[in-house]
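Letters A, B, ... are given to chains in the order of the sequence lines, protein chains preceding strands, and every chain is numbered from 1.
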Number of protein chains: 2
Amino acid sequence: MRKGEETRTRILDVAEAAVLQKGFGGTSIEELIAETGITKSGFFYHFKDKNELAKALLNRYIENDERIYDEIFSRARDLMDDPLQSFLLGLKLLSELLSDLPNGHPGCLVATVCYYERLFDREIQETNRNAVLAWRRRFGRMLREIMDVYPPREPVDVDQLADMVSSVLEGGIVLSKTLKEPNTLAEQVLMLRTFVRLLFQPAVEQPLAVVRPAQAFGAAGGGQP
Amino acid sequence: MRKGEETRTRILDVAEAAVLQKGFGGTSIEELIAETGITKSGFFYHFKDKNELAKALLNRYIENDERIYDEIFSRARDLMDDPLQSFLLGLKLLSELLSDLPNGHPGCLVATVCYYERLFDREIQETNRNAVLAWRRRFGRMLREIMDVYPPREPVDVDQLADMVSSVLEGGIVLSKTLKEPNTLAEQVLMLRTFVRLLFQPAVEQPLAVVRPAQAFGAAGGGQP
DNA sequence: CCCCCTCCTGTACCCGCGGTACAGTTTCGA
DNA sequence: TCGAAACTGTACCGCGGGTACAGGAGGGGG
């Protein structure tokens, strides 16, 4: 039971690395079993076909992805009470995490699936779609909290702004990989951070450190419930 | 001579559509010859192997891509003299072009190659890299012109900002395809446009249409509002 | 008019890979 | 010690990428 899970994980590890470098169509089962040190029969014991492997691979990737965002943004939330500052810190932490990856970001499975769509069944395409929608909800939730406090300088649709986070991440990965410049991705996240700051930070030159105490003071003096 | 070019083009057309939907590894030569109505030998007369097909496909795609950007931004340049307004108009035109695509953007070959890298030779990877660098130079050139006139509200690296355009496009394509929401890509371009406007437009609340006459009036009359 | 070059078609073949089928073996916990 | 889980081994199928030629249509130039 435990042993089976371990082998399965090892196959998924090898497969994930291969698929991110060569796509699903470019990754052969034979090379996976060679690298895992398993036999073909052993492989098909765990996954009945390539589609099932893709399914497991994608689900695991998405779960892990969600876990990472949960960690980063909840840590940012702990450190900063203000929703805007917390989000900005989260983006900072994310960019640091990305620039710490030794060989750059290995690639996003969601994008890989997206560029291979026609050869997967509807279930995988739905899973992929839901992953992107989950990103939209996640970042949208945080952005709505921000907008409750800070009116944006320009009118923006919150879902579109949330999608911008995903766009910059996906696009940044493509750029980083293509250019072979691992840092480009982290820089793009920081550029997005600049956008968010610009969009929500009050028009005064100095950041919140100056503005907020005034607001808080005013509220306290004015008599809140 | 003419006939050969025509067949070659037909193969490339079929191949491009297939590759954008299924990746290189997922596209078989057999399906290409079936759809073009050519024989296997005929195919290999034009392209000695799949790598050569990819090379031709990528080069053609990049050329076409460059042509489109040339057209859009030179038209925007003709209509607007101010570099910022011209760039903003260019992004508007681009987003309109993208939202007019009947079935949404079919996908970017640069991204496809990026997610298939390991199975191509160094030449293709270099071609791909150069395409992204060309985008950086193109948008960088326009952004530099803007920065000569308008100081950005936040300090930004011009190359990173130029890359942001590519990021949002590449990421927007992935989102649009995955979500099966053709409009998402166009919206992302407009969101980027908001960022650029916010970053460079003078701190006054009203946009140029209102601000400019007032400035002109003030300069002529010698008095301040 | 014929020759040659371009642009193919047809045939035959090799091998790697996805996938199936199924029999047999190890390992390990209940 | 029994049985299920987790494999191995072997044999086989058909498709797809790719090679190797041989040959044919069609047109333009000498």
Side-chain angles (χ1 to χ4, degrees), chain A residues 1-58 60 112-113 115-121 123-124, chain B residues 1-58 60 112-113 115-121 123-124:
Chain A
M1 292 167 173
R2 181 66 40 71
K3 179 96 177 301
E5 277 306 304
E6 196 218 315
T7 306
R8 207 183 134 95
T9 303
R10 243 171 53 238
I11 297 175
L12 288 174
D13 287 341
V14 171
E16 184 169 317
V19 165
L20 287 175
Q21 286 188 346
K22 295 172 292 190
F24 280 97
T27 301
S28 70
I29 293 178
E30 312 247 333
E31 79 178 273
L32 297 182
I33 67 179
E35 202 165 334
T36 349
I38 209 178
T39 61
K40 211 171 184 179
S41 323
F43 175 89
F44 284 107
Y45 172 78
H46 288 285
F47 308 97
K48 76 167 203 279
D49 56 20
K50 226 182 174 184
N51 199 74
E52 191 117 321
L53 172 70
K55 217 175 284 184
L57 219 48
L58 184 60
R60 195 182 72 146
T112 304
V113 168
Y115 275 107
Y116 198 67
E117 46 165 344
R118 285 272 164 228
L119 296 191
F120 288 132
D121 59 25
E123 187 186 339
I124 288 193
Chain B
M1 295 153 179
R2 176 73 38 72
K3 181 94 176 302
E5 277 306 303
E6 198 218 314
T7 306
R8 206 183 133 96
T9 302
R10 243 172 52 238
I11 298 175
L12 287 174
D13 287 342
V14 171
E16 186 170 316
V19 165
L20 287 175
Q21 285 189 347
K22 298 173 289 192
F24 280 97
T27 301
S28 70
I29 292 178
E30 311 247 332
E31 77 178 273
L32 298 183
I33 68 179
E35 203 165 333
T36 21
I38 210 180
T39 59
K40 209 171 185 179
S41 323
F43 175 89
F44 283 107
Y45 171 79
H46 288 286
F47 307 98
K48 76 167 203 281
D49 56 18
K50 227 181 175 186
N51 199 75
E52 190 118 321
L53 171 69
K55 217 176 281 183
L57 219 47
L58 184 60
R60 196 181 72 144
T112 304
V113 167
Y115 275 106
Y116 198 68
E117 47 164 344
R118 284 271 164 229
L119 294 191
F120 289 133
D121 58 24
E123 188 187 339
I124 289 193

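Contact annotation: B:His46 does not reach the phosphate of C:dT6 (side-chain N/O to OP1 or OP2, under 4.0 Å). Proximity of B:Tyr45 to the phosphate of C:dC7: a side-chain N or O atom is located under 4.0 Å from OP1 or OP2.
Atom CZ in B:Phe47 sits roughly 13 Å away from atom P in D:dG18 (whole-Å rounding). Between B:Leu32 atom CG and D:dG16 atom P there is a gap of 11 Å when expressed in whole angstrom units. At whole-Å resolution of the value, CZ in A:Arg8 and P in D:dA5 are 15 Å apart. One atom, CD of A:Glu6, and another, C1' of D:dA5, lie 15 Å apart when rounded to the nearest Å. Here D:dG17 presents its P atom at 16 Å from CD of B:Glu52, a figure rounded to the nearest Å. Here D:dG24 presents its P atom at 20 Å from CD1 of B:Ile38, a figure rounded to the nearest Å. Rounded to an integer number of Å, the gap from A:Phe43 CZ to D:dA5 P is 20 Å. The separation between A:Ile11 atom CD1 and D:dA6 atom P is 12 Å, rounded to whole Å.
The list of salt bridge (charged side-chain N to carboxylate O under 4.0 Å, His left out) pairs with a residue in residues 16-27 of chain B, not counting sequence neighbours, reads B:Glu16-B:Arg60, B:Lys22-B:Glu31.
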Protein-proximity profile, nucleotides 18-30 of chain C, B/S/- by nucleotide at the 4.0 Å heavy-atom cutoff, equals BBB----------

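For the side-chain hydrogen bond (donor to acceptor under 3.5 Å, both in side chains) test, no residue two or more places apart in sequence or in another chain qualifies with A:Lys50. Take A:Glu35 and apply the side-chain hydrogen bond (donor to acceptor under 3.5 Å, both in side chains) test, not counting sequence neighbours, and it matches no residue. Checked against salt bridge (charged side-chain N to carboxylate O under 4.0 Å, His left out), A:Asp49 has no partners two or more places apart in sequence or in another chain.
The backbone N or O of A:Ala54 lies less than 3.5 Å from no partner atom in the side chain of A:Asn51, so there is not a single donor-acceptor pair.
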Would you be so kind as to tabulate the donor-acceptor pairs closer than 3.5 Å made by side chains of residues 36-43 of chain B, with sequence neighbours excluded?
from: B:Thr36; atom 1: OG1; to: B:Leu32; atom 2: O; distance (Å): 2.3
from: B:Thr39; atom 1: OG1; to: B:Gly42; atom 2: N; distance (Å): 3.2
from: B:Lys40; atom 1: NZ; to: B:Glu30; atom 2: OE2; distance (Å): 3.1

